[in-house]
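From a predicted model like this one, the values you see are computed outputs, not experimental measurements.
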Amino acid sequence: EKGGYDHYMLKEIFEQPTALRQAIAGRIDPIEGRVELEGLSIPDGFLEGVDEIQFVACGTSYHACLYAKQLMEEFADVRATVEFASEYAVGSGRNPERTLVVGVSQSGETADTLRALRMASRVGIRTLGVTNTVGSTMARECDDALYIRAGPEIGVAATKTFASQVIVLAMFALTVADVRGELDPRAARKLLENLQDLPGAVQSVLDNNDAIEEVADAYAGGEAFFFIGRRLGGPVALEGALKLKEISYDHAEGFPAGELKHGPLALVTEETPVLAILTDGTRPDETRNNVKEVQSRGAPVITLAAEGYQSDDEVGFDVPDLGLLEPLVANVYLQLFAYHVADSKGRAIDRPRNLAKSVTVE
Ligand code: F6R
């Protein structure tokens, strides 16, 4: 049932082009620059009047929200915040009638996320659940549900659902922008074209799997691993580190690249590989300076870089031209990197110690 793959995780990484096609099927019209998300009953009048969209989630879903927040603010010009579901509290100054809480959960059963949504609901805040699981508690309890249609995910480490969550939230951002009269047709068309091209771009990364395996094997002995990226690269850096730590048990941390020099740089040595995201939407020129900082301390660097940001004298992988979705493509390299590091150490990749696929306790 693993379809010839050694682990569900690898199978699910390779299922991403299909999952992404399913997520956009019938929902976008790139020529008109429009999105049609079925089944959403949020009245236009409500979305027009919203002054804050709060995303709540855990783990990988939280990282997807950090990405989506930036797209929401950029496209719909509405204040968007992201909170760990386990830390969520209803603030006193907030107007419940002008707030939308968006819970994001692959399983739709994560106790922390359900609790946050219930807290919001109790004070009259409208809730939207974005999930992979039809009929889940989240889908049933929220005022609205939006499905990411990634198909079942069995490996404990979330992989294909991350990209699917981000792009469904991107489509939702365009919907909000449209209703609020903020939609920039050119920017919207570009994002929708990028969405259509994303499955093919992800496939091109998967076709590079052998090369990534070689690099992962070469660097697997690192003492610790750091991941850096700015703006949309920030959430991907966090996600890359989470993936590596949970399945390889290596120490891994992700940072917004500019924060390195404010502390973490003290940890950087010749034994700590640094993975850097240098693509559109991540201020690659500035991150390049941070790459130089760690290189001058002897750290091996692996870049995931778009055209024009690669350098011949370092190990790197190319990210195809895909605008604001380039960091999502870079993330697929990081998933494969984590997988191969863990595999080279013989870890129980689909069932890492101490973790469960669906965390139903608070
Ligand atoms: C990481 C991972 C977890 C989940 C988190 C939330 O690979 O799988 O961090 O992302 O437990 O789960 P869901 O999305 O089901 O709410």
Answer yes or no: is there an ion pair linking K11 with E1, defined by an N-O contact shorter than 4.0 Å? no
Compute whether any side-chain donor of one residue and acceptor of the other, for E239 and T60, lie under 3.5 angstrom apart. yes
Between E52 and R98, does any side-chain N to carboxylate O distance fall below 4.0 Å? no
Taking only Lys NZ, Arg NE, NH1 and NH2, and the carboxylate oxygens of Asp or Glu, determine whether R118 and E141 approach each other closer than 4.0 Å. yes
Using a 6.0 Å cut-off, check whether atom CD of E36 has over 12 heavy atoms from anything other than its own residue. no
Heavy-atom neighbours of Q196 CD exceed 12 at 6.0 Å: yes
Nearest 0.5 Å, what's the CG-CG distance between L117 and D143? 9.5 Å
Going by an N to O cut-off under 4.0 Å, is there a salt bridge joining R297 and E293? no
Is it true that a side-chain atom of T113 and a backbone atom of E109 form a donor plus acceptor pair closer than 3.5 Å? no
Do the side-chain N and O atoms of D207 and Q203 include a donor-acceptor pair separated by under 3.5 angstrom? yes
Would you say the side-chain atoms of Q295 pair up with the backbone N or O of V301, donor to acceptor, closer than 3.5 Å? no
Taking the basic N atoms (NZ, or NE/NH1/NH2) and the acidic carboxylate oxygens, is any pair closer than 4.0 Å for R288 and E314? yes
Kindly assign one of parallel, tilted or perpendicular to the pair Y67 and F162, based on the angle between their ring planes and the thresholds 30° and 60°. perpendicular
Can a side-chain donor-acceptor contact be found between T99 and Q54 if the only test is distance below 3.5 angstrom? no
Would you call E73-K69 a salt bridge at under 4.0 Å N-O? yes
Give the intermediate values and the outcome of salt bridge (charged side-chain N to carboxylate O under 4.0 Å, His left out) for residues E38 and R149. CA-CA 13 Å; E38 72 293 340; R149 307 178 182 161; 3.3 Å; yes
Salt-bridge present (D77, R180; N to O < 4.0 Å): no
Neighbour count above 12 (heavy atom, 6.0 Å) for F46 CZ: yes
Rounded to the nearest 0.5 Å, the CG atom of N194 sits from the CG atom of L322 at a distance of 4.5 Å
Can you tell me which residue among L128, V102, L37 is in a side chain to side chain contact (heavy atoms under 4.5 Å, CB included) with D144? L128
Do the rings of F225 and F337 sit parallel, tilted or perpendicular, given the 30° and 60° boundaries? perpendicular
Is it true that, when you exclude E286 itself, more than 12 heavy atoms of the residues, nucleotides or ligands shown sit nearer than 6.0 Å to its CD? yes
